[in-house]
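We use all heavy atoms of the structure for the numbers below, so side chains are in, but hydrogens, waters and symmetry mates are not.
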Amino acid sequence: MLLLMLFALIAGAGTAITPCVLPVLPALLSASALGGRRRPLGIVLGLAVTFTVAIVALAQLVKGVGLASGAARTVAILVLIGFGVVLLVPDVAARVQAPLSRLARFGPKTRGTGFWSGLGVGGALGFVCAPCAGPILAAVTSVSASSGPTARVIAVAIAYAIGLAGVLLLWSLGGRALADRVRRSLHGHVVERTLGAVLLATGIAMVFNLDVRFEETLAKSSLPAFLVDPTRALENSNGVQNRLASLRPASGFAKRQKEAAGVPVAATSGAAIPGVQTPSLPDLGMAPQFTDTQQWFNTSGRRPLTLAGLRGHVVLVDFWTYTCINCIRTLPFLKGLYATYHPYGLEIVGVESPEFTFEREASNVAQAVRSDGIRYPVVQDNNLGTWDAYQNEYWPAEYLVDGRGNVRHTQFGEGDYKQSEAAIRELLYEGGVRDLPPPMSSSAVIPSSGVGTPETYLDPQHAQGFAQPLSAGVHTYPGVSRPQLNQAALKGTWSVGSQSVTPVSSGASIQLGFQAAKVYLVMTSTDNVPRQVTVLLDGRPYSTVTVRGQQLYTLVSLPSDQQHALTVQVPPGVSAYDFTFG
């Protein structure tokens, strides 16, 4: 734990020297240049405290009091604009500073003004400070939002905030020293008014989300990785990743099911499937509600469903996302379950929890629901609110809920389809259904048994097995003469983003050595303009794929598992995200 806190301290300090802090740096330097000598300390302390609160507790607080997620940011922006206006009018500044200065009697007795007002400005900056989130900061934020703050998570967050604040304090003191020199050469309140204008301009820029757009542009820029993310190698190391994984508690449902796995169960004769062992169905706890969701599909008037409203029904909550090949392969099974057992009291709710940004688009989800022939209700979980409520970690993942609202069985990943059907039949019978139909014949798509190539992401954080490591920005890659098994390579000039790669000029390609019967690739086309992607197998033309929408495309379909060298020639305007195999 101490080692993880040290890593967090280093990561926080590294973040403070990157362009990611530029949106708040003008306000930080402007506010630090005014008031007494303790003001920079007050600003940085206030920033550290509210930044820590924001990443470990604010999500839970917002859920508890029902505030909008942007409320803290709005308040912070108003504080910055208010201080900027005050500084533009010296008489008002003196009146505001006077009552705040009286609070100094509760603090240090040595002379110095501005500490308490500095806390106010720093507190505002802490709520709008959004540094580029590396794995450590992302883990702390996601675990806090899903499971609530724990002592370990808070300790890591504090260490990160201390590292960030320590370097920002150096920035503040340096800016103050420079401002003092400038102030001695000028007369009146020129410096104060100038710095007030900077604070006011910063607040107005944040009103229009210019700081957020700046960070998005930065993520897509061609700046060197050491400048944008100097601690990436440290944060992506196995040591850090293993320690971060320990911060997230295991799903309580999965843990309790594992504990009860050895308990035999005798299936009711009227529900049993011949030759299939009905899994044990212990009470795993109350099912969480559908939380922080967006659009609903396949419901009356697209009205939201609630588990309370579904009491009396057996409910299968299925976490999926429409470009996940593992999820796609389960769809025939789920559709068969719905067609067979919905008339007898089964409800299926597909919770579409996106992996990629474009999967958050309601139009894309609606298109996937139509094209996949899904008739059961589906809800968007863009902020992973319901995903976190279930402490889920997988696509696909299924939680079977009985008529009283208790989770009775879970299934993570593909497989065990007949056991899942047997569990549904048992719970329907338990709920009073006595005329169950014969077991269904529908089944999932089963991947070939000889797949030897793992899922391959095309982004810097998750990419593995690449001949030349991927780094964010625009780079030219040499490629390889022939990729080895499970080796990938880019060839040509590519823009490498946080989730995908996009060719900058023609002639770019992705090379991959694979062992599988089927190869899939998630791709998008700018503005949904049709663009042609050419697929070569062992250097010979194999197929042409037209990329229109933002979805999973089949590149290769062979009669059996085989080893080949794949080349995908991608034109500018097409982005590639993730290879999967079957």
Side-chain angles (χ1 to χ4, degrees), residues 11 14-15 17-22 131-135 138 213-237 241 355-358 453-484 486-514 519 521-527 531-536 539 547 550 553 555 565-579:
T15 301
I17 61 173
T18 68
C20 297
V21 299
L22 283 179
C132 302
R213 295 180 188 176
F214 172 81
E215 290 175 11
E216 292 175 349
T217 303
L218 188 65
K220 300 176 183 178
S221 70
S222 58
L223 292 173
F226 74 86
L227 181 61
V228 177
D229 192 1
T231 62
R232 187 183 67 186
L234 170 69
E235 295 191 65
N236 284 333
S237 66
Q241 290 298 311
E355 182 177 16
F356 302 116
T357 302
F358 63 81
T453 302
E455 184 172 11
T456 303
Y457 286 92
L458 299 169
D459 68 80
Q461 184 173 346
H462 301 99
Q464 295 182 355
F466 275 74
Q468 302 91 26
L470 301 187
S471 58
V474 177
H475 306 279
T476 299
Y477 295 90
V480 294
S481 56
R482 180 182 175 88
Q484 301 174 4
N486 298 340
Q487 182 186 55
L490 296 183
K491 186 174 183 180
T493 304
W494 292 81
S495 174
V496 179
S498 60
Q499 294 188 335
S500 63
V501 295
T502 307
V504 173
S505 57
S506 58
S509 62
I510 308 171
Q511 300 170 291
L512 177 69
F514 73 91
V519 181
L521 179 59
V522 176
M523 292 184 286
T524 67
S525 180
T526 303
D527 299 326
R531 292 180 170 89
Q532 302 297 316
V533 170
T534 302
V535 180
L536 308 179
V547 179
Q550 301 164 323
Y553 292 87
L555 301 185
L566 175 72
T567 302
V568 186
Q569 297 177 344
V570 185
V574 172
S575 298
Y577 289 75
D578 177 31
F579 282 104

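Scored by the side chain to side chain contact (heavy atoms under 4.5 Å, CB included) test, P478 finds Q468 as partners (sequence neighbours excluded). Remark: A576 engages L458, V501, I510, L521, M523 in a side chain to side chain contact (heavy atoms under 4.5 Å, CB included) (not counting sequence neighbours). By the side chain to side chain donor-acceptor pair (under 3.5 Å) test, T456 is found to be paired with no residue, residues two or more places apart in sequence or in another chain being considered. For T493, the side chain to side chain donor-acceptor pair (under 3.5 Å) test picks out T476, with sequence neighbours left out. Here S575 pairs with T502 under the side chain to side chain donor-acceptor pair (under 3.5 Å) rule; sequence neighbours left out. Remark: F356 engages F358, Y577 in a ring pair (Phe, Tyr, Trp, His ring centres under 6.0 Å) (not counting sequence neighbours). Contacts of F579 classified as ring pair (Phe, Tyr, Trp, His ring centres under 6.0 Å), with partners at least two apart in sequence or in another chain: none. Annotation: side chain to side chain contact (heavy atoms under 4.5 Å, CB included) contacts of Q532 (sequence neighbours excluded): T544, T546. Scored by the side chain to side chain donor-acceptor pair (under 3.5 Å) test, S500 finds no partners at all (sequence neighbours excluded). When the ring pair (Phe, Tyr, Trp, His ring centres under 6.0 Å) test is applied to Y457, the partners found at least two apart in sequence or on another chain are H462. When the side chain to side chain contact (heavy atoms under 4.5 Å, CB included) test is applied to T357, the partners found at least two apart in sequence or on another chain are Q499.
Residues S498 and D459 form no side-chain contact, since every pair of their non-hydrogen atoms from C-beta on lies 4.5 Å or further apart. Taking the side chain as every heavy atom from C-beta outward, Y477 and V496 approach each other to under 4.5 Å. Looking at heavy atoms from C-beta onward, L470 lies out of side-chain contact with W494 at the 4.5 angstrom threshold.
Across S505 and P572, no two heavy atoms sit closer than the pair C-CG, 3.6 Å. S525 and R531 make their closest contact through OG-NH1, 2.7 Å (heavy atoms, listed as atom of the first residue, atom of the second, distance). The two atoms that bring A467 and A489 nearest to each other are CB-CB, 4.1 Å, heavy atoms only. Taking all atoms of both residues into account, the shortest heavy-atom contact from P503 to P571 is CG-O, 3.5 Å. Here the shortest heavy-atom pairing between T524 and V547 reads C-CG1, 3.8 Å.
To the nearest 0.5 Å, atoms CG (L512) and OG1 (T567) are separated by 9.0 Å. Rounding to the nearest 0.5 Å gives a distance of 12.0 Å between CD of Q484 and CD of Q511. From E355, atom CD reaches atom CG of D578 across 6.0 Å, with rounding to the nearest 0.5 Å.
Residue pairs satisfying the salt bridge (Lys or Arg N to Asp or Glu O under 4.0 Å) criterion with at least one member in residues 469-483, sequence neighbours excluded, are listed as follows: R482-D538.
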